[in-house]
Every structure is written in C-alpha cells, then in structure tokens.
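Input: a single structure, listed below in structure tokens.
Remember, it's a predicted structure, so these values are computed and weren't measured experimentally. Residue numbers run from 1 in the order of the sequence given.
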Amino acid sequence: MAGKKREIQLQTVINTQSLWEEMLQNKGVTVIDVYQAWCGPCKAMQTLFRKLKNELNEEEILHFVVAEADSILALQSFRDNCEPVFLFSVNGKIISKIEGANAPLVNQTIINLVNEERKIVAGEMDRPQYHEITLVDSNADARKGSKESMDRIYSIAIIKPEAMNTGKTIEIKENIANAGFVIEAEDNRVLTENQVRDFYRQKSEQPDFEEFVSLMTNRLSYVLVVSRSNEQEFALKEENITEPETELQEPPEEQPEMDTPPVVKKKWGSTLEEYLDKENIHEFCDVEEDEENVHKFIDLFFPDFKNIKLEKILVLLRPDLFQEKKEDVLSIILNEGFLILMQRQLVLTEEEARILCKEYENEDYFENVIENMTSLCVQFAMESLPINQFYGSDSLELAERDIQYFFPPQQTLALIKPHVTPEQREAILHRIKEAGFEITQMKEILLKGNVDKIYYKIANKFFYNDVVEALSEGPSLVMVLSKWNAISDWRRLMGPTDPNEAKLLSPDSIRAQFGTSTLRNAVHGSTNAAEAVQGIYNIFEEIVPENPENPEEN
C-alpha cells in the first residue's frame, strides 16, 4: 500500500548487527529510532521526520533509520526500555541521545546538526570535536531496581463499548477515582483486532471469542492507565468489620471477664480488578495487572506516557510583547520543550481583559492596563506599564477554564469510506488522534439507503448515484470529532477532494495517502457548521453538537 511504501522510503530498517555497522558508514546526520520488537517504532514522530526530510531536502547528509534493539548487539542496553529513544549519529559517531518522544527537542537537534553539516561541507566551519556517547549502559541494572521500587503500581483498564453506549463510562471512572485509585491517562478509541486478541488472549478459547473480537473492533472503547500507591495496597486489603452493637451488660461477679473478641478484618482485595468485582461493574470493564503486560500496553496505547505527563496551560502574550517579540517568544517556548497545541490571534473584549487582569484591579494604572489589553494595534497601546507581558493560568483548574473559554471545542462529522482497508483505517484513526481530535461518537454502518443523511446537499446532483454506489460497497465508519476549530482542521487534514490534486498540494493529507479517486477518496467531512449540526443529528440523533459557530471554511 502507498502509505507503507512511503514509510519504508522514509526510514531504513536496521535489524541486524551487520546492518547497524553498515549504517554507521553513512555520511552526515543519521537519526535513529531505537525500538523494541513487540511495540515497533515510534509512529508519532514519523510525521515530523517526513516534514523535516521534505523541508531540509538533504538526501546526502540527512538519513532516517529504525533500529530494533532486540536484534542488534550494540543496542542491548536499550532492550526492555519502555520509552522511545532517539540516537543521532554524525559520520558514524553517536553524539546525542534523546529519551522520550520530545518532538520540539528532536526537531531542533536535527535542524542544528544539519545546519552544521551544511557549513562544514561549504568550508565555512571546521567539524566540531563531538563527545561520542557510549551505548553500553552500566547503570541499566540500577535503573531496573529503581523502577521496581517505584511507589506506584499501574494497571490498564478497558471500558467496553456496551458501557460507552449505555452512558456508564463516567460512573465507572468516578467509582475508580472515589476508591482512591488515580486515572493517570485516558483515551477513547476503536481497538484493532491485534490489540483485542493480545489484551484478551486468555479468553481466546471461548466459543464466542470471534464474535467478541468483532464487537470490540467496531465500536469505541475507553482505555485507562490507573495507578495506586504501595501504601494503599495494605489499606485496601483489609477492611475492619465491627459486630452489630448489643446492649453491654456487666458480667456476673462469679463469672470471669471474657476477652474482647478480635476485630474481624474482611479482605476484599487491593487490586483494581478485585475492586471492580466488589462493585459489580467488572462486566463493563476489563483489567490487565501483570507488570510486564501493563508496561507493554502502556507503550502501545500511550507511547508518550513514560516521558511526559502532559499538562495544559493557557498563555497569553499581551499586545506590546505580541507586536514586537512574537516570533522570539514562540521560538523560546518551543526550544524549552513545550508543545503549542493551539494558538489564535484576537482582540480581547473589555470584560475578558478585566477577568484576565483581575490581579491589577486595585492599582492606579488598572484602566490603562485594560486599554492596553483591548488595543487594536500597537500604536494605540500604552507603553511602560508595570505589568508582566505574559498571562499564564495559575492552576490546572484555571487552565482548564481558560482553555475552554478561548478555545471552545467544536464538533464535526467525519466518515471513513468503505474502500479503505482495515490497515489504512487504523492509520487514519492514528492521524486523527495525532492531530488532537477527540472521537466522541463512532459507529460502523452500511450507508446504502442512508447516504442522504450525510450527503443531503448533493441529492439532486447528477453524480449523486455514483456517490451512493461507492458508499454502498461495504460498511463505513462514521464519527463525531471534537476539538477547537474542528471543522476546518478536519478539512485541512483530509486534503483536496481529488487525491491526485491532494498529492501535489497536500502530500501528507489523508486523501493524498489513501484516496484512489474522487469518489473513493478515503474520507469525508462536514463543509460548515450548519452541515455538521445536521449530519451529526441525522446519524447520531441524540447528540447535540457543541459550539457549532461558523468556522473559516477551506
């Protein structure tokens, strides 16, 4: 398939010691994604690598490879390492290492090394004396021991589609949290067949297992990483049970006083699975608690979990700083390892400015601050005000409130068409998640006879019957996608309607990679807010789209 061929061309596969030694003969910069055989390379970084390869356009001095640690003697210290590792080789010397999928840092490292190579080739600078990194890790055993002594124990939980459809997801999550467990990461997704078979391997001999696999791969599940502390384990294991109260009586004088009966301790279990069983919600939620398997599934479902726990904060650049130093500030933010998930330029209303600048409301210059914050352009702004040119949320709660206010989520209807193969569908779903969309609703349906629920605007067009025929070839996957600016962002990710045009104008778009013709162009999305509202209602009647404000159409 086209998508897979492209990935092979992007990164050379290194899976033997001899290929590793051959790779070290590369001239220039080689970016090495070190991976474990059971989890594969870090797909989340491939979009960045493809972008850099196209933008830098340095075939001779920039190379990308994936190296399987399990098969290469030189990489034995990275075996059983749960987080992604990226090595950087310059003319055969490993001179840098980045642990974790830190996209901004990896991006800047590659750009810096390529720029140095360009200058060296042009004779503008001498080659630096790099410090070569030794790949044999003498601290591996110490790190392993440290990991085993960590004070938190992790589990993977999957809330099944039937719970999602009956609205029990929130109840289950609340029960887990109220019991003292911590939900460290969560995501709703359609599991692949391989993921279901691997996670539920102990049920594979049951007679209805194939039917179960089909159910789990056609609807949304909710995946959680749940943790508990080692101290919590004892507290949950034993629960004091007191005997029913009875009226106390003094014993007869001639009768010796009896010992107080011991307190009965009821053991109901410390694990998440035992807790769910106690609460009678185990039928809606399945748990994996074997340590080795948990780490494997964390890497599979949440590849960035171990290197960063992402927290979101709202940052606002006040007018003076925005006008004069915007690019410098954004560059510093990225170089410090932050990810800019969303950004927009806006003129604050007076009410918004007063809320954000509340800390200055008792100062003499407060009204000048408000005038500055609501100025249309820099020449109308007041200079030299004694205020910080940044605003940042003070807490996670405030950050959530601020982000919801300035980046309100919007919903759009999305469709993956019947001609898309299961492998391509999985890749498209990954692209959707990677782009920051949340899949809030999903179902697989055969659109034959229901095409007008989505394509009602073209029902009178001469090509409508061709559309119906293409969409009747098999089941389609229909989704509600949610994020700020969802409608235009989804249309941008899809690319132009004609896949041939998409390959020229937007080669990384979904239609460029998976479309075969205008009718079989892999995906569909709402054109505007009104169409999104109507389409979502037609397919998911009970759903009312959030914030369907008119977006900028593409």
Side-chain angles (χ1 to χ4, degrees), residues 7 10-11 28-35 41-58 61-66 81-90 94-118 130 133 185 187 299 302-317 321-322 325-345 389-393 396 399 402-403 406-407 430-437 483-485 489 492-493 508:
E7 287 183 12
L10 173 67
Q11 295 170 289
V29 180
T30 303
V31 182
I32 308 163
D33 177 358
V34 180
Y35 71 95
C42 183
K43 291 184 179 180
M45 299 292 284
Q46 290 176 354
T47 300
L48 171 63
F49 293 158
R50 189 174 293 112
K51 173 176 174 288
L52 287 169
K53 187 178 182 72
N54 292 334
E55 290 181 353
L56 296 174
N57 193 25
E58 291 288 358
I61 64 172
L62 178 59
H63 317 277
F64 294 94
V65 307
V66 291
N81 187 5
C82 293
E83 64 181 352
V85 175
F86 300 93
L87 302 176
F88 301 85
S89 169
V90 175
I94 307 298
I95 57 94
S96 184
K97 176 177 71 172
I98 295 176
E99 296 183 349
N102 188 335
L105 183 57
V106 171
N107 178 73
Q108 195 60 50
T109 301
I110 294 172
I111 291 174
N112 290 343
L113 290 175
V114 169
N115 286 338
E116 282 186 359
E117 283 299 303
R118 285 170 171 168
Y130 296 114
I133 293 178
D187 187 25
D299 285 336
F302 303 95
D304 293 337
F305 177 77
K306 294 211 172 59
N307 53 293
I308 54 170
K309 289 183 67 176
L310 187 64
E311 293 180 354
K312 297 179 184 178
I313 187 173
L314 181 117
V315 174
L316 183 141
L317 278 61
L321 187 62
F322 176 79
K325 300 286 186 180
K326 172 191 170 186
E327 296 304 325
D328 293 340
V329 172
L330 294 180
S331 178
I332 291 171
I333 290 172
L334 290 173
N335 288 338
E336 289 296 320
F338 291 94
L339 301 175
I340 300 177
L341 300 177
M342 300 175 286
Q343 58 179 305
R344 62 184 296 198
Q345 179 178 337
Q389 287 298 309
F390 279 104
Y391 167 81
S393 308
L396 293 178
D402 293 342
I403 292 169
F406 287 104
F407 298 95
H430 177 76
R431 291 287 304 276
I432 289 171
K433 292 284 187 180
E434 191 177 52
F437 290 95
K483 69 175 290 193
W484 176 70
N485 211 26
D489 280 5
R492 188 178 299 112
L493 183 60
D508 288 331

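Here the side chains of Asp489 and Phe437 are in contact, with some heavy-atom distance below 4.5 Å. Contact check for Val90 versus Leu113: side-chain heavy atoms found under the 4.5 Å cut-off. Here the side chains of Phe64 and Arg50 are not in contact, with every heavy-atom distance at 4.5 Å or above. For the pair Glu58 and Arg118, the minimum side-chain heavy-atom distance is below 4.5 Å. Contact annotation: the side chain of Pro104 approaches that of Asn102 to within less than 4.5 Å [non-hydrogen atoms, C-beta and beyond]. Using a 4.5 Å heavy-atom threshold, the side chains of Leu62 and Phe49 count as separate. Side-chain contact between Ile98 and Val85 is absent, with no heavy-atom pair separated by less than 4.5 Å.
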Stepwise side chain to side chain contact (heavy atoms under 4.5 Å, CB included) test for Ser89 and Val29: CA-CA 6 Å; Ser89 169; Val29 180; over 6 Å; no

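Of the options Val31, Ile95, Thr30, Val34, a side chain to side chain contact (heavy atoms under 4.5 Å, CB included) to Leu87 is made by Val34 and by none of the others.
Side-chain atoms of Asp33 do not come within 3.5 Å of backbone N or O of Phe86 as any donor-acceptor pair. Looking only at distances, a side-chain donor or acceptor of Asn112 sits under 3.5 Å from a matching main-chain atom of Gln108. Judged by distance alone, the side chain of Lys53 and the main-chain N or O of Leu48 form no donor-acceptor pair under 3.5 Å.
Scored by the side chain to side chain donor-acceptor pair (under 3.5 Å) test, Lys433 finds Asp187, Asn188 as partners (sequence neighbours excluded). Every residue meeting the side-chain contact (heavy atoms from CB on, under 4.5 Å) condition with Ser96, not counting sequence neighbours, appears here in chain and number order: Phe88, Thr109. Shown here are the salt bridge (charged side-chain N to carboxylate O under 4.0 Å, His left out) partners of Glu116, two or more places apart in sequence or in another chain: there are none.
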